[in-house]
S.K.: 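Once you've had a glance at the structure underneath, I'll fire off some questions.
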Amino acid sequence: MTSPADGSRDPGALAGAGILERRLTDLRLDDFARDVWSRTALLTRRAGDFSDVFDADAVDELLSRRGLRTPFLRVARNGTVLPESSYTSPGGVGATVSDQLDDTALWRLFSDGATLVLQALHRTWAPVGDLCAGLSAELGHPVQANAYVTPPQSQGFDDHYDVHDVFVVQIQGSKRWVVHEPVHRDPLRDQPWTDHRTAVAEAAEGPAYIDTVLEPGDVLYLPRGWLHAARAKGEVSIHLTLGIHVWTRYALAEQLAEAALAALREDPWTRASLPLGADATAQAVDGVRERLTAAVADCDSAPLFHRTRRGQGRPAPLGPLAQLAAVDGLTPDSPVRLREALEARLEGARLMTRVGWLDFPATDLPSVARLLDDDVRTAADLGLDLAGRLLRAGVLVPAGR
């Protein structure tokens with residue numbers, strides 16, 4: 001699937017479209033979900049201009065002026081990750097840290113063929129963070145971003161697979177990508193490619209599923225487990241990798257099992273010691289299996305799942321000074337909204353969020369429910385006291401920020 005031959009996108013056709021369709025593919029979300037998601041690789045030519053998200057100036061800014069520390073960067077050369085001590089140094093006067101990035105050392109390594117990997121870029125470069133937050137909300141899975149900066153004719157990593165899905169977004173330069181089908185489909189997070197090193201190496205010698213050169217604006221989607229290796233062409237290559245850390249059925253099974261075991265802790269029969277004798281364990285297995293099966297059937301794992309999900313992401317940024325001004329200047333007409341990416345959820349009278357929990361009297365619950373339904377526009381809609389409490393908790397923010 002590719003973009004139109006001239007690379008243009010019809011603004012009218014994309015009105016109201018999400019990030020997936022508007023920026024990363026030519027597919028609507030439901031078509032992508034049905035035909036591509038977790039099934040096959042997808043190359044989209046000239047998906048768009050990403051200069052508003054990231055560029056070479058951003059790389060230089062991050063490496064030389066932001067005072068980044070490890071692990072926000074790693075450096076690789078010829079498939080080997082270099083020690084942090086080779087590109088970090090003390091921060092100097094007023095910075096009592098010993099592992100800030102050393103831009104001179106990085107320049108020397110880069111000019112000698114090393115690839116620079118800016119990690120967790122969604123935490124250090126706001127436009128990338130906004131893109132990741134929007135895509136995460138759209139897909140329902142956590143999203144993070146790395147940037148790979150590779151000098152001409154260099155390769156950072158050998159053939160491998162990732163344990164998360166990725167969108168590769170070519171920002172600058174060109175890079176040849178060679179993609180092979182999986183040797184281990186849908187790997188879990190604790191099943192890295194190194195567990196199948198021999199099979200990966202053998203598969204990489206066979207016919208490629210995709211062998212292409214990505215140019216600026218091209219986007220490549222790879223489900224977890226798909227083998228890939230990339231090499232820069234005759235100029236510096238910069239690409240973003242948007243990593244989709246997918247929730248799996250196995251993860252849901254873990255949540256169910258954990259909730260069931262928590263319930264069995266309250267069962268006196270299950271807590272009891274096994275009878276004496278060599279055959280005691282065998283005799284008890286059937287009873288334990290029976291109770292475990294019943295506990296899985298009866299338990300509600302949703303609160304545990306949502307708590308785990310909340311812990312794997314961060315809410316939208318919050319400026320302390322702007323928030324204080326909003327609290328001090330609060331009036332009934334103050335425009336307010338729910339802070340984005342909170343994963344807020346009412347569980348009874350308790351509001352669970354990524355910034356903690358709050359209990360409410362029954363009289364406030366209808367207003368809180370309206371807030372979660374995006375039916376609140378001003379502090380008066382909630383009530384001034386409730387709006388002030390939610391602002392102080394970092395759950396509510398002034399609208400327009």
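As the structure is a prediction and not an experimental result, all values here were calculated from the model.
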S.K.: For Ala105 versus Ser86, what's the shortest heavy-atom pair and its separation?
M.R.: CB-O, 3.6 Å
S.K.: Main chain of Leu396, side chain of Gln323: is a donor-acceptor contact present, judged purely on distance under 3.5 Å?
M.R.: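 Indeed, once roles are kept as given, a pair shorter than 3.5 Å links the two residues.
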S.K.: Is it the case that the side chain of Asp195 and the backbone of Gln191 share a donor-acceptor pair, with hydrogens and angles ignored and the cut-off at 3.5 Å?
M.R.: no
S.K.: Calculate, to the nearest 0.5 Å, the distance between atoms CZ and CZ belonging to Arg189 and Arg224 respectively.
M.R.: 9.0 Å
S.K.: Would you say the side chains of Thr124 and Gln119 form a donor-acceptor pair under 3.5 Å?
M.R.: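 There is no such pair between these side chains.
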S.K.: Atom OH in Tyr250, atom CG in Asp186: separation rounded to 0.5 Å?
M.R.: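 The OH atom of Tyr250 sits 14.0 Å away from the CG atom of Asp186.
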S.K.: Around Arg249, counting heavy atoms of other residues, nucleotides and ligands shown, do more than 12 lie under 6.0 Å from its CZ?
M.R.: no
S.K.: Do Leu24 and Phe50 have side chains that get closer than 4.5 Å, going by heavy atoms?
M.R.: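 SC-SC contact between Leu24 and Phe50 confirmed.
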S.K.: For the backbone of His164 and the side chain of Asp162, can you confirm whether one donor and one acceptor N or O come within less than 3.5 Å of each other?
M.R.: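 No, Asp162 side chain to His164 backbone: no donor-acceptor pair under 3.5 Å.
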S.K.: Which distance, rounded to the nearest 0.5 Å, do you find between the CG of Leu116 and the CG of Asn146?
M.R.: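 Reported value, rounded in 0.5 Å steps: 12.5 Å.
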S.K.: Partners of Tyr221 by ring pair (Phe, Tyr, Trp, His ring centres under 6.0 Å), sequence neighbours excluded?
M.R.: Phe32, Phe167
S.K.: Are any of the side-chain heavy atoms of Leu384 and Pro332 separated by less than 4.5 Å?
M.R.: yes
S.K.: Please check if atom CZ in Arg108 has more than 12 non-hydrogen atoms from other residues, nucleotides or ligands closer than 6.0 Å.
M.R.: no
S.K.: Looking just at side-chain N and O atoms, do Arg45 and Thr212 make a donor-acceptor pair shorter than 3.5 Å?
M.R.: yes
S.K.: For Asp373, is there an ion pair with Arg370 - N to carboxylate O distance below 4.0 angstrom?
M.R.: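 No, no charged N to carboxylate O under 4.0 Å.
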S.K.: Taking His122 for the side chain and Gln144 for the main chain, is one N or O donor matched with an acceptor at less than 3.5 Å?
M.R.: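 Answer holds: no.
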S.K.: Are there more than 12 heavy atoms of other residues, nucleotides or ligands under 6.0 Å from atom CD of Glu138?
M.R.: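 Result for CD/Glu138: enclosed.
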S.K.: Can you tell me how far apart CG (Leu222) and CG (Leu220) are? Round to the nearest 0.5 Å.
M.R.: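 Answer for the CG-CG pair, Leu222 versus Leu220, is 4.0 Å.
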S.K.: Do Tyr209 and Thr40 pair up side chain to side chain, a donor and an acceptor below 3.5 Å, judged on atom types alone?
M.R.: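 On atom types as modelled, these side chains qualify, holding a pair under 3.5 Å.
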S.K.: Do Arg314 and Arg354 have side chains that approach each other closer than 4.5 Å (heavy atoms only, starting at C-beta)?
M.R.: no
S.K.: List the atom of Leu342, the atom of Val395, and the distance in Å for their closest heavy-atom pair.
M.R.: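 For Leu342 versus Val395, the nearest heavy atoms are CD1-O, 3.6 Å.
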S.K.: Is it true that the side chains of His160 and His228 contain a donor and an acceptor less than 3.5 Å apart?
M.R.: yes
S.K.: If you count the non-hydrogen atoms of other residues, nucleotides and ligands that lie under 6.0 Å from CZ in Arg231, is the total more than 12?
M.R.: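 Enclosed: over 12 neighbouring heavy atoms sit under 6.0 Å from CZ of Arg231.
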S.K.: Salt bridge or not between Asp60 and Arg65? Use side-chain N to carboxylate O under 4.0 Å.
M.R.: no
S.K.: In chain order, what residues pass the ring pair (Phe, Tyr, Trp, His ring centres under 6.0 Å) check against His239, with sequence neighbours excluded?
M.R.: Tyr148, Trp177
S.K.: Looking only at atom types and distance, does a side-chain atom of Thr353 sit under 3.5 Å from a main-chain N or O of Gly356, one as donor and one as acceptor?
M.R.: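 At least one qualifying donor-acceptor pair exists.
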S.K.: I would like to know whether Leu135 and Ile244 meet side-chain contact (heavy atoms from CB on, under 4.5 Å); could you show each step before the answer?
M.R.: CA-CA 9 Å; Leu135 185 60; Ile244 319 299; 4.0 Å; yes
S.K.: Can Asp364 and Arg389 be counted as an ion pair, charged N to O under 4.0 angstrom?
M.R.: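 No salt bridge links Asp364 with Arg389.
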S.K.: Flag yes if more than 12 heavy atoms outside Asp385 fall under 6.0 Å of its CG atom; otherwise flag no.
M.R.: no
S.K.: side-chain contact (heavy atoms from CB on, under 4.5 Å) for Leu62 and Leu121? Distances and angles first, verdict last.
M.R.: CA-CA 10 Å; Leu62 287 161; Leu121 201 59; 3.6 Å; yes
S.K.: Would you mind reporting whether Ser174 and Glu215 have side-chain heavy atoms less than 4.5 Å apart?
M.R.: yes
S.K.: Hey, are Asp359 and Arg350 close enough for a salt bridge, meaning a charged N less than 4.0 Å from a carboxylate O?
M.R.: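 Yes, charged N to carboxylate O under 4.0 Å.
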S.K.: In a check of side-chain contact (heavy atoms from CB on, under 4.5 Å) between Val75 and each of Thr80, Leu82, Val149, which one passes?
M.R.: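 In the set Thr80, Leu82, Val149, the residue that makes a side-chain contact (heavy atoms from CB on, under 4.5 Å) with Val75 is Leu82.
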S.K.: Kindly compute the distance separating OG (Ser111) from CG (Leu106), expressed to the nearest 0.5 Å.
M.R.: 10.5 Å
S.K.: Answer yes or no: is there an ion pair linking Arg46 with Asp49, defined by an N-O contact shorter than 4.0 Å?
M.R.: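 Answer for the salt bridge query: no.
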S.K.: Counting distance only, does the side-chain N/O of Arg123 pair as donor-acceptor with the main-chain N or O of Phe72 below 3.5 Å?
M.R.: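 No, because the side chain of Arg123 does not come within donor-acceptor range (under 3.5 Å) of the backbone of Phe72.
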S.K.: With a sphere of 6.0 Å drawn around CZ of Arg74, does it hold more than 12 non-hydrogen atoms of other residues, nucleotides or ligands?
M.R.: yes
S.K.: In Å, rounded to the nearest 0.5 Å, how long is the span from CG of Leu386 to CG of Leu371?
M.R.: 8.0 Å
S.K.: Between Asp99 and Thr70, do the side chains contain a donor N or O and an acceptor N or O under 3.5 Å apart?
M.R.: yes
